[in-house]
Amino acid sequence: MASSSAPGFAFQANGSENPSQAPDTGGSSRYRSDSESEIYPTAKSLSRLCSRDRDERAAALEELSQKVLVCLGLDRPGSARLSKQTLLHLLRLSRSCPLQEVRMRASELLCTAQEEGIEVPRALASGPSAFIPAKEMFTEGPNQDMLIESFLSLGRVDHLAMVMALHPSYLSCFLRTQHALFELDGPLPRDWRHYISIMAAARHHCSYMVQQHSMAFLEAGGEESWLSGLEHAPTKLRGLQTLNKLLAHRPWLITQQHIQELVCAGAEPRWSLAELIHAVILMAHTHSLCSFVWGCGLNPEPDHIGGHTFCPPSPSHIPHSPAHEDGRQELADGAVEVEVLMKRMVELQQQEEECTQEEMVTRFERERSESIPTAVVRGAPPELVLNLVEEPEFRYEDFAPRGEQSPPIMRAQDYSWEDHGFSLVQRLLPDMGQFLDEEFQVVSNLTYHRMAMHEGVDTYTLRKALWNYIHCLYGIRYDDYDYGSVNVLLERSLKVFVKTVACHPEQTTAHIYHDFWRHFRHSEKVHANLIVMEARLQAALLYTLRAITYYMR
């Protein structure tokens, strides 16, 4: 993850895939073995590429080049060798480094290695997202400046940061929260923090997040055997499994008993409240990030399993794409949809009619019990996460199943982030409440006063409808909000996307991403994903924080 590492981490750990997890994918047998005492790029020399001093970076780039050439043994014909780790470092730099001179030099070194007979890896994806054209993310301006700052600070830029950089103000506060969660002093050791996130990501079959945190876990000194199965992890960590699955799929079922089982005097091993709140935020944070990863169709990193290959490319071909056949009609339909939505937003903003409280409740009940079909294919977890999740069959179920007893609604007036959750987090994990609150505030207020092809638009009612709809899916009601607005502003294809990404993100498909807001910019769809992610995070936290509050009384 973009901010889960200290400077230089990427160069030390990324690409060094564990033999137990990542068998060789057909690479050259001429790699450097551990027993060979060969000069090769080190974490220290590679991390110098992140220097803020331009001359220092230039010197580091030259040093990198010389060490790679020495590794290739150009003065010793036939003895060319480069470690797989170094090759994957170069591949990552050539694909994602925002500094052009570093990116180009890494590409040149890979070409030289290939000319010397080394089988070099190539990335399997053309950009960070399977849904968003790469050219829409590699632009000059504030987002590029943010990526350069991220690289200089953290030693790498991952696909997550690249997509979030479409909204630089959000990325900035997100990186601060990430750094606080994983790097700053706190009640949990750093390797445990990453392992808790691995457990959380496995709930949503998110190989991307599992691999990101597995690398950071090992860099933090984590025990490698833990990655092969939960049974190898400490009992105390395994004790989080029930809370983890409820937070991921049905947080409204969390009660003070779940908290008591972990923190009461008789619990063995016992969690302190500070440790538990740290773990809860890590899990909820990771679950919501899985929604973003799936919702934006993030591709594996170049050095991830599934992100590269050593096989030569197959002959190029252009796949048949039915999306191009009726392009003009689709554009026309999309334009009409935007005009209708604009008109509805204006009408709602001008509406003076007030509903009775009974009618407000009725509209909420109608919204939460609406049947929104989503993908129901229950695929088995990918092999990478198979041993890291217990009860994979435990999934999201509608808060209000038809014909069944519904759990009690959480009224925002009774327990809210502003009045209750924020202060509790601040008390148990100082400063973390402030970081989270900044995220919620930034994403709630984020606007560019435009919508699709229109400028100067007040999008507040649309953003509010999205946020409140997600909380509605999680059984949270705002007494002062008219849920009739949700049906007016959120068309069905948008509801299908939002419910899928918020409730079972692993079922997200390219079709449901492309099917909503067909005339909007990709950056606007990413904005919608940010709202889903943060609203989901807050909803899950509210249920758990309420349970902790009840336990503490």
Side-chain angles (χ1 to χ4, degrees), residues 1-5 7-17 22 25 27 41 43 46-47 49-50 57 60-61 64-65 68 82-114 118-140 143-166 171 207-209 211-212 215 293 296-314 316 522:
M1 316 219 333
S3 63
S4 62
S5 56
F9 151 69
F11 306 118
Q12 184 174 356
N14 289 351
S16 55
E17 299 164 333
T25 52
L46 286 165
S47 66
L49 291 173
C50 305
R57 286 204 308 271
L61 197 56
L64 169 65
S65 301
V68 168
L82 267 182
S83 70
K84 184 175 182 178
Q85 181 185 33
T86 298
L87 287 168
L88 289 175
H89 289 331
L90 291 173
L91 178 63
R92 169 181 278 283
L93 289 172
S94 72
R95 301 286 300 185
S96 63
C97 182
L99 298 171
Q100 185 180 20
E101 67 274 17
V102 176
R103 193 167 62 247
M104 291 181 64
R105 183 68 63 87
S107 297
E108 291 168 2
L109 291 171
L110 285 173
C111 286
T112 302
Q114 190 169 32
I118 293 290
E119 292 179 22
V120 302
R122 61 181 180 86
L124 289 173
S126 60
S129 166
F131 300 165
I132 307 171
K135 63 182 180 182
E136 299 210 13
M137 280 179 278
F138 299 114
T139 57
E140 298 299 325
N143 54 348
Q144 186 70 4
D145 294 341
M146 188 70 220
L147 292 179
I148 291 174
E149 175 59 31
S150 179
F151 179 79
L152 296 179
S153 300
L154 310 167
R156 61 186 289 164
V157 175
D158 56 24
H159 291 170
L160 197 67
M162 288 182 192
V163 176
M164 283 186 180
L166 289 169
L171 176 59
S207 299
Y208 181 92
M209 296 293 292
Q211 291 194 71
Q212 291 285 73
M215 292 173 176
V293 168
C296 293
L298 292 199
N299 287 317
E301 298 292 324
D303 54 357
H304 276 184
I305 300 168
H308 64 271
T309 181
F310 285 88
C311 300
S314 56
S316 61
H522 284 289

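Note: hydrogens, waters and symmetry copies are ignored here, and every other heavy atom, side chains too, is used.
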Side chain to side chain contact (heavy atoms under 4.5 Å, CB included) partners of A113, counting only residues at least two apart:
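Side chain to side chain contact (heavy atoms under 4.5 Å, CB included) check on A113 returns L72, L82, I118, V120.
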Can you list the steps and then say if D158 with S96 is a side-chain contact (heavy atoms from CB on, under 4.5 Å)?
CA-CA 7 Å; D158 56 24; S96 63; over 6 Å; no
Taking every non-hydrogen atom, the tightest pair across [X] and [Y]:
{"X": "V163", "Y": "S129", "result": "CG2-CB, 4.5 Å"}
{"X": "S94", "Y": "A106", "result": "N-CB, 3.7 Å"}
{"X": "P300", "Y": "I305", "result": "CB-O, 4.2 Å"}
{"X": "H522", "Y": "P133", "result": "NE2-CD, 3.5 Å"}
{"X": "G155", "Y": "C50", "result": "CA-SG, 3.4 Å"}
{"X": "F151", "Y": "C97", "result": "CZ-SG, 3.6 Å"}

Are the side chain of [X] and the backbone of [Y] linked by a donor-acceptor contact shorter than 3.5 Å?
{"X": "R92", "Y": "P302", "result": "no"}
{"X": "R95", "Y": "A125", "result": "yes"}
{"X": "S150", "Y": "V157", "result": "no"}
{"X": "R122", "Y": "C311", "result": "yes"}
{"X": "E301", "Y": "G307", "result": "no"}

Validation row: L61, V102 side chains within 4.5 angstrom (heavy atoms) =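 Side chain of L61 against side chain of V102, heavy atoms only: contact under 4.5 Å found.
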**Prompt:** With a 3.5 Å cut-off and no angle check, do the side chains of S153 and E149 form a donor-acceptor pair?
**Reply:**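 There is such a pair between these side chains.
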From [X] atom [atom1] to [Y] atom [atom2], the distance as rounded to the nearest 0.5 Å:
{"X": "L90", "Y": "D303", "atom1": "CG", "atom2": "CG", "result": "11.5 Å"}
{"X": "L298", "Y": "H159", "atom1": "CG", "atom2": "NE2", "result": "8.0 Å"}
{"X": "L87", "Y": "L109", "atom1": "CG", "atom2": "CG", "result": "10.5 Å"}
{"X": "M104", "Y": "E101", "atom1": "CE", "atom2": "CD", "result": "9.5 Å"}
{"X": "T309", "Y": "L124", "atom1": "OG1", "atom2": "CG", "result": "5.5 Å"}

Assess whether side-chain contact (heavy atoms from CB on, under 4.5 Å) is satisfied between R105 and L64, documenting all intermediate values.
-> CA-CA 9 Å; R105 183 68 63 87; L64 169 65; 5.6 Å; no
Requested in this report: Taking side-chain hydrogen bond (donor to acceptor under 3.5 Å, both in side chains) as the test, write out the residues that go with S107, two or more places apart.
Outcome: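 Once residues adjacent in sequence are excluded, S107 has no partner under the side-chain hydrogen bond (donor to acceptor under 3.5 Å, both in side chains) criterion.
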**Asked** Do the rings of H304 and Y208 sit parallel, tilted or perpendicular, given the 30° and 60° boundaries?
**Response**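 Because their plane-to-plane angle is over 60°, the rings of H304 and Y208 count as perpendicular.
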- Message: Please evaluate residues L93 and L49 with respect to the criterion side-chain contact (heavy atoms from CB on, under 4.5 Å), reporting the C-alpha separation (whole Å), side-chain torsions for both, the decisive distance (0.1 Å), and the verdict.
- Response: CA-CA 10 Å; L93 289 172; L49 291 173; 4.0 Å; yes
- Kindly determine whether V293 and L160 satisfy side-chain contact (heavy atoms from CB on, under 4.5 Å), including the steps that lead there. CA-CA 7 Å; V293 168; L160 197 67; 4.0 Å; yes
